[in-house]
Q: 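One structure is given below, represented as structure tokens, and several questions about it will come after.
Since we're looking at a predicted model, the values are computed, not measured.
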Amino acid sequence: PGDAIIVAPGHYVEQLYINKDDLTLTGAGVGMTFVDSPANLPLFFTTSADNYPVIFVDHAVDVDIASMTLDGLGNGNANYKFIGVGYYNSGGSVSDMDILNIIDTPFSGSQHGVAVYCYGDDGGSYVFDMTDIFIDDFQKTAVAVNGAGVTGDMLRVTTVGAGPTGVTAQNGIQVGFGAVYNVTDCDVSGMDWTGGTWTASGVLPINGGVAYFDGCDIDACQTSVYFSDGGGSFDNGTVTNPTGDALYDYSAGAKVASAEAPPLAQPYDGPEVFSHNKMAIAVSIDGSTFTGTGATDSWGPTAYGYGPVTFTMDNSTVTGWDW
């Protein structure tokens, strides 16, 4: 505890396990220091199922990791649920990192493959920050932060999805189950599910999650911004080249079936029990631009609720939507 560890350039094939507080781990830079996933990861933490992170921070705070590349090497098949960086009941930060190939070989519909996952379930308070992160070739969700007491900032996080695919409904940035985050100057692209019923989401505050987006650009996503039983704001952002709808402010209630209701998002994990209780949802938009493609039956920013919904929109431009 308290050490600053400087990691030389090279490839380190290991599941890196950290359970000490106040630790700094700094590589030589992206593309120079690599943590590579072994074929099999023995250590895990359990949520709705066991999660196997390549870098695993377990019940530790103030653990800061920076300046390296994490490569999952497509080793998800033998490690369900496969995680890149996992913070479990832990806090700290990740910065100046590329996180790649947190995926099965080949890319599959198995519901795992999360590049960064911070999860809190013991009632504690954990601050987890992300800065200057690039994520590509993940399977289910690029970033998931779940659990009451989990808070933090995401700054300049870029997530690149698979584009149009019937394999799985991907999500870019998920803030769920009581987590609260500021998300600033982040870019999300290519979250597009073609299989029907569900929807992929660019950014997804869900099931009690609250996210305040500022200056974020969402491009080529199916549902670009989806507040689903989750609140917050979307300010100074853009939505471009959508394959679905712009933004939902949606209190799902008991998920009553309705032809007019938005399609349901498909989040990663979260507490085993979460009651859809027609919770009150509040969302505000300011200074944002939503540019549709003119597709038939496409929707601009939309508020819909089985429970109480508050929706405020100012100083914004909405063009190119059927509705």
Side-chain angles (χ1 to χ4, degrees), residues 1-7 12 14-27 30 33 35 37 41-70 81-99 102 114-133 135 141-157 173-184 186 205 207-212 232 268-272:
D3 278 358
I5 300 169
I6 308 301
V7 188
Y12 302 88
E14 62 180 313
Q15 182 181 34
L16 178 60
Y17 180 74
I18 299 171
N19 64 347
K20 299 176 176 64
D21 295 339
D22 190 24
L23 197 69
T24 300
L25 185 71
T26 307
V30 168
T33 297
V35 177
S37 175
L41 302 170
L43 304 177
F44 61 88
F45 66 93
T46 303
T47 55
S48 61
D50 296 338
N51 297 265
Y52 293 85
V54 181
I55 297 179
F56 181 8
V57 181
D58 185 13
H59 289 85
V61 295
D62 297 325
V63 176
D64 299 320
I65 302 170
S67 301
M68 63 184 68
T69 296
L70 188 158
K81 297 183 169 191
F82 194 32
I83 308 292
V85 176
Y87 275 61
Y88 178 52
N89 291 321
S90 298
S93 68
V94 292
S95 59
D96 301 307
M97 289 184 65
D98 283 1
I99 303 172
I102 309 300
V114 177
V116 180
Y117 188 25
C118 181
Y119 183 90
D121 65 358
D122 66 354
S125 297
Y126 302 104
V127 178
F128 175 69
D129 297 327
M130 300 177 61
T131 305
D132 294 320
I133 306 298
I135 297 170
T141 300
V143 178
V145 287
N146 284 346
V150 175
T151 63
D153 297 304
M154 299 184 205
L155 176 62
R156 296 186 299 273
V157 174
I173 297 173
Q174 171 184 314
V175 179
F177 306 94
V180 179
Y181 264 77
N182 299 308
V183 183
T184 306
C186 294
N207 293 0
V210 177
Y212 303 100
Y268 180 75
D269 210 11
E272 291 186 23

Q: Dump the intermediate steps for side-chain contact (heavy atoms from CB on, under 4.5 Å) on Met130 and Leu155, then the final yes or no.
A: CA-CA 6 Å; Met130 300 177 61; Leu155 176 62; over 6 Å; no
Q: Under 6.0 Å between ring centres, would you say that holds for Tyr119 and Tyr117?
A: yes
Q: Measure the shortest side-chain to side-chain distance between Leu25 and Val7 over non-hydrogen atoms and say whether it is less than 4.5 angstrom.
A: yes
Q: I need the Leu23 CG to Asp3 CG distance, nearest 0.5 Å.
A: 6.5 Å
Q: Table please: side-chain donor-acceptor pairs of residues 49-66 below 3.5 Å, with sequence neighbours left out.
A:
unit_1 : atom_1 : unit_2 : atom_2 : d
Asp50  : OD1    : Thr46  : OG1    : 2.7
Asn51  : OD1    : Tyr268 : OH     : 2.7
Asn51  : ND2    : Phe45  : O      : 3.3
Asn51  : ND2    : Thr47  : OG1    : 2.8
Asn51  : ND2    : Ala49  : O      : 3.1
Asp58  : OD2    : Tyr17  : OH     : 2.7
His59  : NE2    : Asn89  : ND2    : 3.4
Asp64  : OD1    : Ser93  : N      : 3.2
Asp64  : OD1    : Ser93  : OG     : 2.7

Q: Could you walk me through whether Phe128 and Val116 pass the side-chain contact (heavy atoms from CB on, under 4.5 Å) check?
A: CA-CA 11 Å; Phe128 175 69; Val116 180; 3.8 Å; yes
Q: Short question: side chain of Gln174, backbone of Thr141 - any donor-acceptor pair under 3.5 Å?
A: no
Q: From Cys118 SG over to Ile83 CD1, what is the distance, rounded to the nearest 0.5 angstrom?
A: 11.5 Å
Q: Any chance you could measure Ser90, atom OG, to Asn19, atom CG, to the nearest 0.5 Å?
A: 9.0 Å
Q: Minimum heavy-atom separation for Val85 and Met97, please, with both atom names.
A: CG2-CE, 4.4 Å
Q: Are Val210 and Val175 close enough that some pair of their side-chain heavy atoms sits under 4.5 Å apart?
A: no
Q: Would you call Asn182 and Met154 a side-chain contact if the rule is heavy atoms closer than 4.5 Å?
A: no
Q: Tell me yes or no: between the side chains of Ser48 and Asp269, is some donor less than 3.5 Å from an acceptor?
A: yes
Q: Could you give the distance from CD1 (Ile135) to CG (Asp98), rounded to the nearest 0.5 Å?
A: 9.5 Å
Q: Roughly how far apart are Gln15 CD and Phe44 CZ, rounded to 0.5 Å?
A: 10.5 Å
Q: Considering only heavy atoms from C-beta outward, does the side chain of Val145 approach that of Tyr87 to under 4.5 Å?
A: no
Q: List the residues meeting side chain to side chain contact (heavy atoms under 4.5 Å, CB included) with Thr151, not counting sequence neighbours, and say none if there are none.
A: Val127, Val180
Q: Give the minimum heavy-atom separation between Ile173 and Cys186, together with the two atoms involved.
A: CD1-CB, 4.2 Å
Q: Could you report the tightest heavy-atom contact between Asp129 and Asp153, atom names first, then the distance?
A: OD1-N, 2.9 Å
Q: Apply side-chain contact (heavy atoms from CB on, under 4.5 Å) to residues Phe82 and Leu41 and explain how you reach the verdict.
A: CA-CA 9 Å; Phe82 194 32; Leu41 302 170; 3.7 Å; yes
Q: Check whether any side-chain heavy atom of Ser95 sits under 4.5 Å from a side-chain heavy atom of Asp132, and report yes or no.
A: no
Q: Using 0.5 Å steps for rounding, measure from the OG1 atom of Thr184 to the CZ atom of Arg156.
A: 9.5 Å
Q: In sequence, state the C-alpha distance, the side-chain angles, and the governing distance for Val114 and Ile102, and then conclude on side-chain contact (heavy atoms from CB on, under 4.5 Å).
A: CA-CA 6 Å; Val114 177; Ile102 309 300; 5.7 Å; no
